[in-house]
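None of these values were measured; they are calculated from a predicted model. In listed order, ligands and their atoms are each counted from 1. Worth knowing before you read on, the calculation uses all heavy atoms, side chains too, and leaves out hydrogens, waters and symmetry mates.
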Amino acid sequence: MKTPDCTHFPHQDLASLAEWSAEDIQRVFAVAAALKADPEGHRSLLDGKRVALIFEKDSLRTRMTFDLGIQQLGGSAVYLDHRHERLGARESVPDMAHNLERWVDLIVARTYRHRHVLELAKHASVPVVNGLSELLHPCQALADLMTLHEKWDGQLAGKKLVYIGDGNNTCHSLLHAAPKLGMNVTVCTPEGYEPNFKVMETAREAARVAGVTLEHTSDPQEAATGAHAVYTDVWASMGQEDETEERAAVFIDYQVDEDLMSYTDDAFFMHCLPAHRGQEVTAGVLDGPASIVFDIAENRLHAQKAVMALLLLGQTPDTNATSPALEEVTA
Ligand code: CP
Ligand code: NVA
């Protein structure tokens, strides 16, 4: 297969999908599909490129797929375990960025504070990718939507995506991307756990431009009715462990089970993983025929290889090297 065109990509970083257009996201899908179809043919695409993986939180998928992804493209990764020492504690985040840019070509960061992803992006001269912050999880949303794009032969437009549960980082990045791609999105959360107000405003504007609907409800059956894809995530995210019991009581009626799935239009079931059977989803749904969770996990690899290729090979004098203003995206 032909080497995908990774030139002329308009972004330096992937901190958030809010700034990425539908065209940018479609390019990720196209490059990812080419890399997925012919991994052997692209063993040298990022020859010698070095990636730093800074993780303040646990990870299976994100760490594995960035590390393996860069290796498969001819580069290498160094893992920086920050799970026991918060970013900024030993050394300022800008100083860390100025050190890393001398040694590596790209930085992936999983942080407790989204602000730290933005600070790295602002101060590092090399691309910075958000590997999950408390606010956003853009790499996840790219793999989620790439998977639907594959399942539906590229026809995302007009489909109904329903997110049920906590209005969290995973939900926010889906909200940044799905309406732009022409999907009708319904978010269903209990009161007090709605998505971030600014993320909703951005998504509402994107939905208006794309001519699709963006709805919020607290009624799971109403949300699920007619859905083509149903997504849920954990009720307590990393960093919220001490709220686990309280949240379990609030979210009990928001479990995705067989009955809820029966209201949908033969929807796929989606989850970023890790999942908790018997909490946000029943084992029957997670392990059932509608579940595409492991297809999504596989596509984390392909989508992120595409993101790295586009960010590393696509820079031009017009590439947007500026970071979004900190106050605009901080929860
Ligand atoms: N979905 C996801 O990001 O998984 P990890 O937390 O294991 O990286
Ligand atoms: N919302 C979850 C996603 C994990 C991949 C968390 O932040 O823990």
Side-chain angles (χ1 to χ4, degrees), residues 14-17 51 53-70 77 79-83 86-87 108-117 129-148 163-177 187-190 193-196 199 231-244 246-248 250-251 254-256 269-277 279-281 286 291-305 307-308 329-331:
L14 174 53
S16 157
L17 287 170
V51 174
L53 304 171
I54 308 172
F55 279 64
E56 280 192 306
K57 302 175 180 174
D58 290 338
S59 172
L60 174 67
R61 280 148 291 271
T62 309
R63 179 180 172 181
M64 282 294 290
T65 51
F66 272 110
D67 195 339
L68 288 175
I70 191 69
Y79 177 67
L80 292 163
D81 186 355
H82 265 269
R83 289 174 306 155
R86 293 292 174 97
L87 284 184
V108 177
R110 169 168 284 199
T111 67
Y112 279 99
R113 298 184 63 200
H114 186 68
R115 195 180 183 88
H116 284 157
V117 174
V129 176
N130 181 354
L132 178 148
S133 64
E134 87 291 8
L135 186 67
L136 300 173
H137 198 0
C139 296
Q140 182 66 50
L142 289 174
D144 295 332
L145 296 168
M146 173 187 167
T147 308
L148 291 178
Y163 179 95
I164 297 180
D166 184 24
N168 63 14
N169 44 11
T170 303
C171 173
H172 292 160
S173 287
L174 284 170
L175 281 167
H176 278 158
V187 179
C188 177
T189 70
Y193 296 87
E194 296 86 359
N196 174 280
V199 172
Y231 203 118
T232 193
D233 186 10
V234 293
W235 292 338
S237 285
M238 291 180 280
Q240 298 170 333
E241 288 80 2
D242 56 353
E243 296 173 35
T244 301
E246 172 193 331
R247 283 171 171 261
V250 173
F251 282 94
Y254 292 78
Q255 182 184 68
V256 178
F269 172 74
M270 306 174 73
H271 193 305
C272 58
L273 305 178
H276 302 102
R277 290 171 178 80
Q279 294 182 38
E280 73 271 10
V281 58
L286 186 75
S291 178
I292 56 170
V293 298
F294 299 115
D295 296 326
I296 298 170
E298 182 193 334
N299 280 339
R300 293 292 304 276
L301 176 71
H302 309 298
Q304 287 158 202
K305 284 168 75 172
V307 166
M308 290 190 285
V329 282
T330 303

Colleague: Pick one of side chain, backbone, both or neither for how L132 approaches ligand 1, counting any non-hydrogen atom pair under 4.0 Å.
Modeller: neither

Colleague: Is there side-chain contact between D233 and Y163, with heavy atoms separated by less than 4.5 Å?
Modeller: yes

Colleague: Before signing off on this row, confirm whether H137 and ligand 2 have an N or O atom pair separated by under 3.5 Å.
Modeller: no

Colleague: May I ask you to list the atoms of ligand 1 that are less than 4.0 angstrom from any heavy atom of C272?
Modeller: 1 (N)

Colleague: Just to confirm my output: which protein heavy-atom neighbour is closest to atom 7 (O) of ligand 1, and how far is it?
Modeller: L60 N, 2.6 Å

Colleague: Heavy atom to atom 6 (O) of ligand 1, shortest distance: which of M238, R63, K57, R110 holds it?
Modeller: R110

Colleague: If you define the side chain from C-beta out and look only at heavy atoms, does anything of Y254 sit under 4.5 Å from D166?
Modeller: no

Colleague: Counting heavy atoms only, name the option from T62, V234, D166, D233 that's nearest to atom 3 (C) of ligand 2.
Modeller: D233

Colleague: Are V129 and M308 packed together at the side-chain level, in the sense that at least one heavy-atom pair is separated by less than 4.5 angstrom?
Modeller: no

Colleague: Tell me which protein heavy atom sits closest to atom 4 (O) of ligand 1, plus the residue, atom name and distance to 0.1 Å.
Modeller: R61 NE, 2.8 Å

Colleague: To the nearest 0.5 Å, how far apart are CG in L136 and NE2 in H172?
Modeller: 7.5 Å

Colleague: With rounding to the nearest 0.5 Å, note down the distance linking CZ in F269 to CD1 in I296.
Modeller: 8.5 Å

Colleague: Numbering the atoms of ligand 2 from 1, which are under 4.0 Å from a heavy atom of N169?
Modeller: 1 (N), 2 (C), 6 (C), 7 (O)

Colleague: For atom 2 (C) of ligand 1, what's the nearest protein heavy-atom neighbour? Residue, atom name and distance, please.
Modeller: R300 NH1, 3.2 Å

Colleague: If you compare all heavy atoms of T62 against all heavy atoms of Q304, which two are closest, and at what distance to 0.1 Å?
Modeller: O-NE2, 4.2 Å

Colleague: Do we see a donor-acceptor contact under 3.5 Å between the side chains of E280 and T232?
Modeller: no

Colleague: Does R63 qualify as a cation-pi partner of Y79, given the criterion of NZ or CZ under 6.0 Å from the six-membered ring centre and within 45 degrees of its axis?
Modeller: yes

Colleague: Strictly under 4.0 Å, does any heavy atom of L273 approach an atom of ligand 2?
Modeller: yes

Colleague: Check this for me - ligand 1, L273, N or O atoms closer than 3.5 angstrom, yes or no?
Modeller: yes

Colleague: Is the F251-Y193 ring centre distance short of 6.0 angstrom?
Modeller: yes

Colleague: Using a strict 4.0 Å cut-off to heavy atoms of L132, name the atoms of ligand 2 that fall inside it.
Modeller: 3 (C), 4 (C), 5 (C), 7 (O)

Colleague: Using a 4.0 Å cutoff against the non-hydrogen atoms of M238, which atoms of ligand 2 qualify?
Modeller: 6 (C), 7 (O), 8 (O)

Colleague: Nearest heavy atom to atom 3 (O) of ligand 1: which of H271, M64, H137 does it belong to?
Modeller: H137

